[in-house]
Amino acid sequence: MKIVVLTGAGISAESGVPTFRDADGLWEGHRVEDVATPEAYDAQPLAVHRFYDARRAALGDVHPNPAHVALARLEDALGDDLFVVTQNIDDLHERAGSKRVLHMHGELLSAVCRSCRQRSEWTEDLGDFPPCPRCGLTDLRPDVVWFGEIPYEMDRIHDALDAADLFVSIGTSGAVYPAAGFVMHAAATGARTLELNLQPSEGTSFFDESRHGPAGVLVPAWVGGLLG
Ligand code: APR
């Protein structure tokens, strides 16, 4: 059985990473237009860097939770038959042991040079405008996909959805496309679809089955049921 899992901010919520659209979510304290668009970066690069520098630094205070660990366990069992695509830019899947996660919205621990396009692993602040390790120009931006930009590796994601027998969406509001449309893509190609979320997402009616509760409980239970 080929399984595609889509994760969103809700899977990291119990680790202490804020979500976007819940009460106290990131978009309560910041306007998307000020920090998460190419136009915002052109207008105020330092303000955008500070927003992502703070989030990168905060990764040091959080740890994977049982939901991340369960998906790593599932990867151990299924290998290439599990395809995990995340909208999250944290590294909690990897720290739990997952090795093949596709970060469609980029990663906090990566910087991309706007001049030479090189993507570089990055753990420090970008707000002091350090040089690109490849070309030396001070044109590094966070390697995250902003509103108005195309997510990474959509071809590979579509191929995985085409081949999926089961599509599982975990901890995402279903408010942001193209990820919000994956359930319809998977269903159209014959996959069964399952939602695991704290509450019904915006797309909940598109799923064959929805289970509501914290990811730290629902995901280990689902994986445990699959693996026996
Ligand atoms: N367990 C499961 N689900 C949870 C939990 C939890 N402990 N806590 C919150 N949730 C659910 C919320 O109910 C909500 O439906 O997770 C979802 C989080 O939704 P959003 O904040 O909208 O996050 P996400 O869907 O990942 O956002 C998508 O929007 O702003 C952009 O680029 C950003 O990748 C992000 C994208």
Side-chain angles (χ1 to χ4, degrees), residues 5-41 48 51-52 54-56 58-59 62-71 84-93 96 101-110 112 141-154 157 167-184 193-207 209-223:
V5 170
L6 169 70
T7 66
I11 197 169
S12 296
E14 288 154 77
S15 295
V17 180
T19 64
F20 295 94
R21 295 173 183 79
D22 294 304
D24 295 329
L26 279 172
W27 297 152
E28 293 248 304
H30 302 269
R31 280 164 23 106
V32 170
E33 304 80 14
D34 291 341
V35 292
T37 63
E39 294 77 17
Y41 186 73
V48 173
F51 176 73
Y52 289 99
R55 294 179 62 197
R56 189 182 305 103
L59 289 181
V62 299
H63 305 283
N65 68 56
H68 300 102
V69 172
L71 288 182
V84 177
V85 49
T86 186
Q87 299 166 90
N88 298 343
I89 58 175
D90 66 52
D91 63 338
L92 293 180
H93 283 303
V101 175
L102 194 164
H103 285 265
M104 64 179 290
H105 289 171
E107 297 181 67
L108 277 171
L109 296 179
S110 177
V112 62
R141 57 163 269 186
D143 190 5
V144 299
V145 175
W146 286 322
F147 286 90
E149 297 182 322
I150 297 169
Y152 283 117
E153 302 205 54
M154 288 304 298
I157 297 169
F167 172 76
V168 185
S169 174
I170 302 171
T172 176
S173 59
V176 175
Y177 284 80
F182 291 173
V183 58
M184 286 167 268
T193 56
L194 169 66
E195 166 170 273
L196 306 176
N197 206 50
L198 193 59
Q199 60 199 26
S201 72
E202 290 187 21
T204 196
S205 62
F206 299 120
F207 289 85
E209 181 186 349
S210 293
R211 300 179 195 168
H212 298 133
V217 174
L218 292 184
V219 180
W222 168 65
V223 170

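Read the numbers this way: they start at 1 and go in the same order the structure lists the ligands and their atoms. One-based numbering along the sequence shown.
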Given side chains that start at C-beta, do those of Tyr152 and Val145 come closer than 4.5 Å, heavy atoms only?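 Result yes, sub-4.5 Å side-chain heavy-atom pair found.
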Can you check whether Trp27 reaches Arg21 side chain to side chain, under 4.5 Å on heavy atoms?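 When only atoms from C-beta onward are counted, Arg21 and Trp27 do touch, with a gap below 4.5 Å.
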Among Ser173, Ala179, Ser169, Gly106, closest by any non-hydrogen atom to atom 20 (P) of ligand 1: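 Selected option, by shortest heavy-atom distance: Ser173.
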Ring-plane angle category for Phe207 and Phe167, please: parallel below 30°, perpendicular beyond 60°, tilted otherwise.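 Ring orientation of Phe207 relative to Phe167: parallel.
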Numbering the atoms of ligand 1 from 1, which are under 4.0 Å from a heavy atom of [X]?
X	result
Phe147	30 (O), 31 (C)
Gln199	13 (O)
Gly171	3 (N), 16 (O), 17 (C), 18 (C)
Glu14	1 (N), 6 (C), 7 (N)
Pro214	1 (N)
Ala13	8 (N)
Gly213	1 (N), 2 (C)

Looking only at distances, can you tell me whether any N or O atom of [X], backbone or side chain, sits closer than 3.5 Å to an N or O atom of ligand 1?
X	result
Ala215	yes
Gly8	no
Leu198	yes
His105	yes

Return the minimal non-hydrogen interatomic distance between [X] and [Y], and the atom names on each side.
X	Y	answer
Gln199	His212	C-CD2, 3.6 Å
Glu195	Pro200	OE2-CA, 3.9 Å
Gly8	Gln87	CA-NE2, 3.9 Å
Pro64	Ser15	C-OG, 3.8 Å
Val48	Val35	CG1-O, 3.7 Å
Tyr52	Pro142	CD1-CG, 3.9 Å

If we check side-chain contact (heavy atoms from CB on, under 4.5 Å) with Arg55, which of these qualifies: Ile89, Val17, Val144?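 Testing each of Ile89, Val17, Val144 against Arg55, the sole residue satisfying side-chain contact (heavy atoms from CB on, under 4.5 Å) is Ile89.
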Result of checking Val62, Val69, Asn65 against Leu92 for side-chain contact (heavy atoms from CB on, under 4.5 Å):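 Single pass found, and it is Val62.
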Starting from [atom], which protein heavy atom do you reach first, and at what distance in Å?
atom	value
atom 30 (O) of ligand 1	Trp27 NE1, 2.8 Å
atom 9 (C) of ligand 1	Asp22 OD2, 3.4 Å
atom 15 (O) of ligand 1	Asn197 ND2, 2.9 Å
atom 26 (O) of ligand 1	Ala9 N, 2.8 Å
atom 6 (C) of ligand 1	Gly10 O, 3.4 Å
atom 27 (O) of ligand 1	Arg21 NH1, 3.1 Å
atom 25 (O) of ligand 1	Thr172 OG1, 2.6 Å
atom 35 (C) of ligand 1	Phe20 CE1, 3.5 Å

Side chain, backbone, both or neither: which part of [X] comes within less than 4.0 Å of ligand 1 when only heavy atoms are counted?
X	result
Gln87	both
Thr19	both
Trp146	neither

Let me confirm one number: the OG1-CG distance from Thr37 to Asp34, rounded to the nearest 0.5 Å.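 Thr37 atom OG1 to Asp34 atom CG measures 8.0 Å (nearest 0.5 Å).
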Okay, side chain of Asn197, backbone of Thr172: is any donor-acceptor separation there less than 3.5 Å?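 Between the backbone of Thr172 and the side chain of Asn197 there is a qualifying donor-acceptor contact (under 3.5 Å).
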Quick one: do the His93 and Ser12 side chains pair a donor with an acceptor below 3.5 Å?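 Short answer, no.
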